[in-house]
Structure formats: C-alpha cells, structure tokens
Amino acid sequence: MRFKDRSVIITGGGGKIGKAYALGFAKEGAKVALPDIASADHVVKAIRDMGGTAISMACDVSDEKSVKSMVDEVAKQFGGVDVLVNNAAYFMTVKKSPFWEMEVDEFDKAMAVNVRGSWLCAKAAFPHMKKQGKGKIINISSGTALNGGQNYIHYVTSKGALIAMTRAMAREVGDHNICVNTVCPGFVVTEGRQVDPAFNANRVANRALKRVQVENDLVGTVLFLASPESDFMTGQLLNVDGGAHFVG
Amino acid sequence: MRFENKSVIITGGGGKIAKAYAMAFAKEGAKVSLPDIASADHVVKAIQDMGGTAISMKCDVSDEQSVKAMVDETAKQFGTVDVLINNAAYFMSVWKGPFWEMKVEEFDKAMAVNVRGSWLCAKAAVPHMQKQQKGKVVNISSNVALTGNPNYIHYVTSKGAIIAMTRAMARELGDWNICVNTVTPGFVVTEGRQVDPEYEKIRAQQRSIKRSQVETDLVGAVLFLSSPESDFMTGQLLNVDGGFQFVG
C-alpha cells in the first residue's frame, strides 16, 4: 500500500488509460480524484466496488476557474493534493490533416487543453504540495513527440511542449521537494480501439518487445514516479514504448 | 517483498553504492550475489545479519573465464539468474588528465572493465534469463556521459558506450522478454568520500533539488527497473541526478 490515504488527481480520469492509472493507485490505498470533461463516474464506481475511495467532477482543464474549483474540491474532500497526473488531452477526436491545411481553431484547441491545461492544473495543485513540502507531478507526453507523428502537428507539438514544461517546472519547484517528470507512452491499443492491423503489425515489429502496448503497461511507471522511490528524479522523461525509441 | 527468492547479481558488490542496492534487494527478499575484484564480504555479512541471503566471490569482470565462473556459481547456488546489475566500474582510482596525455593502457583499462565487463556479464547471465523467458539487466552508466566531464576521457567514453550497448542489447533480447535499461547517476557523495566543499555546493545549486546526492537516491530507480513494474520499458535511460541534466 504505497499510496495509503494519498490524495491523487488524475485529469481525464474517465478515459481508458486514466482508468488504468486510477485503479492502480486505488489498489495501493490512494484516494483518487478523477476530473474529466466527460464523465468518470464509471471509474469511480469501479473503485468503490472494490472498497476504494474515488470522486469525479466535470472539469475543463483549459479553463482556469474550472481547474481551480476542481482542485479546491479535491483538497476539501481529501485534505490536500499529493500527486497530480496530467493525463487529460485533446487526442481521440483530433482532426487529422497535413499542417498546411490545419485550421487555427483546431491548432489552438490542442495547445489549450494539452499544454495550458497541464500548466493550469499544476498551478492550482502547487500551493497544496508546497504546504506539505513535497509532491509529485507527472505530465503525460507521447512518443509522437519523439518520432514526429504525422498529420496532427498540433498534438505532436503540444506533447513536445510538455517535455520542456516539465523541465522548467522541475527547476522552479525543486526547493519544495516537488518532483515533476514526463512519461512518453507509445501507441496504446486501449480496449475496443480500432486500429489498422497492418499498421499495428509494423509498429510491433519496430519494438524490442514485439507486442501490442496496452494501458496497463504504463501503470508501473506512473506509480513509480508518484512514489518516494523516485524522490531524486525530477525533470526527466521516461519513455514506455516497449523499446521502439531510445532517447538521449 | 517484490524480489522474494529472486537471484540478483550486483557486480562490484563490495562498493558503497552497490551495498545500498544489495541491502535494498535483500530487504525485499532477493538472494544477492556480489562479485567484486576486491572483497564484498562486509556486505554479505550485513545482509546475513539481517536474516537475508547473500554470497560473494572474487571476480574480474573484464575476464571472460572469471565472469563465467561467477555466473555459474551464482546459478548453482541460487538456481538461476533473474536480475543482473552491471555496477562494477573502473572509477575510483582512474588516472585523471587531458586526453592527449593519457596512456593507452589507462584508456584500455577503463574500456575493458566498464564496457567489455558489462557485456561479458550480460553474455554469461543471459542464457539463464532466456531459459525463463524473462529477466532484467540494468547497466549503470553515469551522467558524465551526458555532460562530457573533462579529464577522464576513458571513463566518460566508456559510460557513453554503455548507453548505446543497452539499446542494442534491448533489441537483441526483446523476444525473450528480457529488459535492458541504463541508469545514469549524478555525482554521488558516498559516505566518507572526500569532496571539495565549494565545488559540491555549486553542484547542488545546479540541481532542481538542491542537495548532495547520496547512494540511497539511486536505489528506487534500480529496483523499479528490476521489477515487473517496468516490464514494457527497455533500452531506456533513467537519469537520477536531482534534476540537473535533462535528456532527449
């Protein structure tokens, strides 16, 4: 029970990967808050069914007031904020096109949710962590920022921005023993996701571990970065993709 | 007890950082094998005193026969090899000076111990891991390979070689579910190590977390990479330096 009574926020907590993190934390004793622009009630139910503690609330991470009221509510109910997992992203419904055909509104939306949203959540959670003299922020980036995924320049760019933001945040909050790190997942075939089998086979062949990546593959790394085991790691990027890309 | 009855080899097991790894593995139930060119008997004693299982043996990691005998002995006593930590290095007693004044024998020694030694240990341990269709190799590099510290070109170069070797090994071993990763520690002030206090102050200031790095700061990352939590991470570099260098 590494996270007994810890207050953990997982943004975009209603998604399939958000759910995997949430169950991972809840099984280790954490109280889990699951803000989502859609509903995370099914995840809350799954956690309560196994005897855990979880709450959800509607939240638009790109909106400062919405984020502030979300974090205030979590702190009120759970007594603080120990861990923030910036998982919410504009991704599943992005409009794909070559960058020279992309509309400004579409580009701005990815930056607002993925970049501004992660900053706003950290901004709101920071005072609670500062008060305790410790905390963990995990920004979920993407392997597309390393390999330059095509035809969604806004998404790829936003995920690269998170890597840089992580480093600057790490330096700004180090004096408070708050660690900020990034996880770069590879292409995750969540349950029920439609993928082109030929494209997927090619993806698998490029990995050292030649199989499809699933949401549970990410849980161990996120929990590690949220735990005291990683207390002297900050500003770092952990790439979890079965050995497709090597960084540095 | 994440490592109950697991067979773990930590080369250079008599050193101060290795002792921190060894104690942590032993506390989590592992049987620990501590080859060293000097003696690791004091670490074995410390582990046995707390009720754990450990063995040590004399081993020169740069010598193929010596390595083979060490791995065979470990497999004989512990049944197999589950985890290999390539920690042994020619470091504490290296000659320091500009590269244009370095002698060939000095250069060759660093490459023989640090690079050939890590390869030989992996070469000898891997058949045991292949038999079980899983295993973990953790190669200890150094963040001097990232910063390019002057005046020990052989050591810096050898640690860079280990990063590249890790990636190739990861690709060669993926089909057996064997993960190979690198840890790059920052400058560790081990107990009793003499350091210039002024320079150490500067070093701490450059970090996000502004303090000296100690051996236990590395333990969490090494255990994580040896555990099932990191089963979809391979070929990667984990930089543990308090947020000094950022990679990628």
Side-chain angles (χ1 to χ4, degrees), chain A residues 24 141 145-146 160 163-164 166-186 188 206-214 216-225 227-248, chain B residues 24 141 143 145-146 160 163-164 166-186 188 206-211 213-214 216-225 227-248:
Chain A
S141 177
L146 309 176
I163 297 172
T166 296
R167 295 168 180 178
M169 278 186 181
R171 293 207 187 271
E172 293 191 33
V173 300
D175 286 344
H176 306 284
N177 280 310
I178 300 167
C179 297
V180 191
N181 292 288
T182 313
V183 173
C184 281
V188 177
N206 285 331
R207 294 189 177 120
L209 302 168
K210 293 181 178 37
R211 65 166 174 84
V212 165
Q213 180 162 15
V214 295
N216 278 333
D217 290 322
L218 296 164
V219 173
T221 303
V222 169
L223 267 65
F224 167 67
L225 289 176
S227 80
E229 293 223 295
S230 56
D231 273 355
F232 209 60
M233 283 186 80
T234 190
Q236 305 301 318
L237 185 168
L238 269 66
N239 183 36
V240 187
D241 69 353
H245 285 269
F246 303 143
V247 186
Chain B
S141 175
N143 84 344
L146 309 176
I163 298 172
T166 296
R167 295 169 179 177
M169 280 185 178
R171 294 208 186 270
E172 292 190 33
L173 291 170
D175 287 343
W176 290 274
N177 282 309
I178 300 167
C179 298
V180 190
N181 292 288
T182 316
V183 173
T184 51
V188 178
Q206 290 171 330
R207 295 188 175 119
S208 302
I209 299 170
K210 295 180 176 44
R211 63 167 175 83
Q213 179 162 13
V214 295
T216 47
D217 289 323
L218 295 164
V219 170
V222 168
L223 267 65
F224 166 67
L225 290 176
S227 81
E229 294 224 293
S230 57
D231 274 354
F232 209 61
M233 284 187 80
T234 191
Q236 305 301 319
L237 185 165
L238 267 67
N239 183 39
V240 186
D241 69 354
F244 170 40
Q245 289 286 127
F246 302 142
V247 187

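The sequence lines fix the lettering, A, B, ..., with proteins before strands; numbering per chain opens at 1. Every value quoted in this text rests on a predicted model; they were computed, and no experiment measured them.
Among Ala221(B), Ser227(B), Ser230(B), the residue making the largest number of heavy-atom pairs under 4.5 Å with chain A is Ala221(B). For chain B, the option among Asn239(A), Leu237(A), Thr221(A) with the highest count of heavy-atom pairs below 4.5 Å is Asn239(A).
Only the backbone of Ala244(A) comes within less than 4.5 Å of a heavy atom of chain B; no side-chain atom from C-beta onward does. Only the backbone of His245(A) comes within less than 4.5 Å of a heavy atom in chain B; its side chain stays farther off. For Cys184(A), no part sits under 4.5 Å from any heavy atom of chain B, backbone or side chain. Only the backbone of Asp231(A) comes within less than 4.5 Å of a heavy atom of chain B; no side-chain atom from C-beta onward does. For a residue to count as touching a neighbouring chain, one of its non-hydrogen atoms must lie under 4.5 Å from one of that chain's; by this rule Gln213(A) touches chain B with backbone and side chain alike.
To the nearest 0.5 angstrom, Phe224(A) atom CZ is 7.0 Å from Leu225(B) atom CG. Note that CG of Leu218(B) is 12.5 Å distant from CD of Glu229(A), once rounded to the nearest 0.5 Å. A distance of 12.5 Å separates CG in Leu209(A) from CH2 in Trp176(B), rounded to the nearest 0.5 Å.
Considering all non-hydrogen atoms of both residues, Ser208(B) and Ala170(A) come closest at CB-O, 3.3 Å. The heavy-atom pair separating Phe246(A) from Ala170(B) by the smallest distance is CZ-CB, 4.4 Å.
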* Decide yes or no on side chain to side chain contact (heavy atoms under 4.5 Å, CB included) for Leu238(A) and Leu238(B), but give the supporting numbers first. => CA-CA 7 Å; Leu238(A) 269 66; Leu238(B) 267 67; 4.0 Å; yes

* To do: Apply side chain to side chain contact (heavy atoms under 4.5 Å, CB included) to Phe246(B) and Arg171(A), showing your working.
  => CA-CA 11 Å; Phe246(B) 302 142; Arg171(A) 293 207 187 271; 3.7 Å; yes

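In this structure Phe232(A) satisfies the ring pair (Phe, Tyr, Trp, His ring centres under 6.0 Å) test with no other residue, sequence neighbours excluded.
Counting only residues at least two apart or on different chains, no salt bridge (charged side-chain N to carboxylate O under 4.0 Å, His left out) pair has a member in residues 167-177 of chain B.
In this structure the side chain of Thr234(A) reaches within 4.5 angstrom of the side chain of Ile209(B), judged on heavy atoms.
Remark: side-chain polar atoms of Gln236(B) are not paired, donor with acceptor, to backbone N or O of Gly242(A) under 3.5 angstrom.
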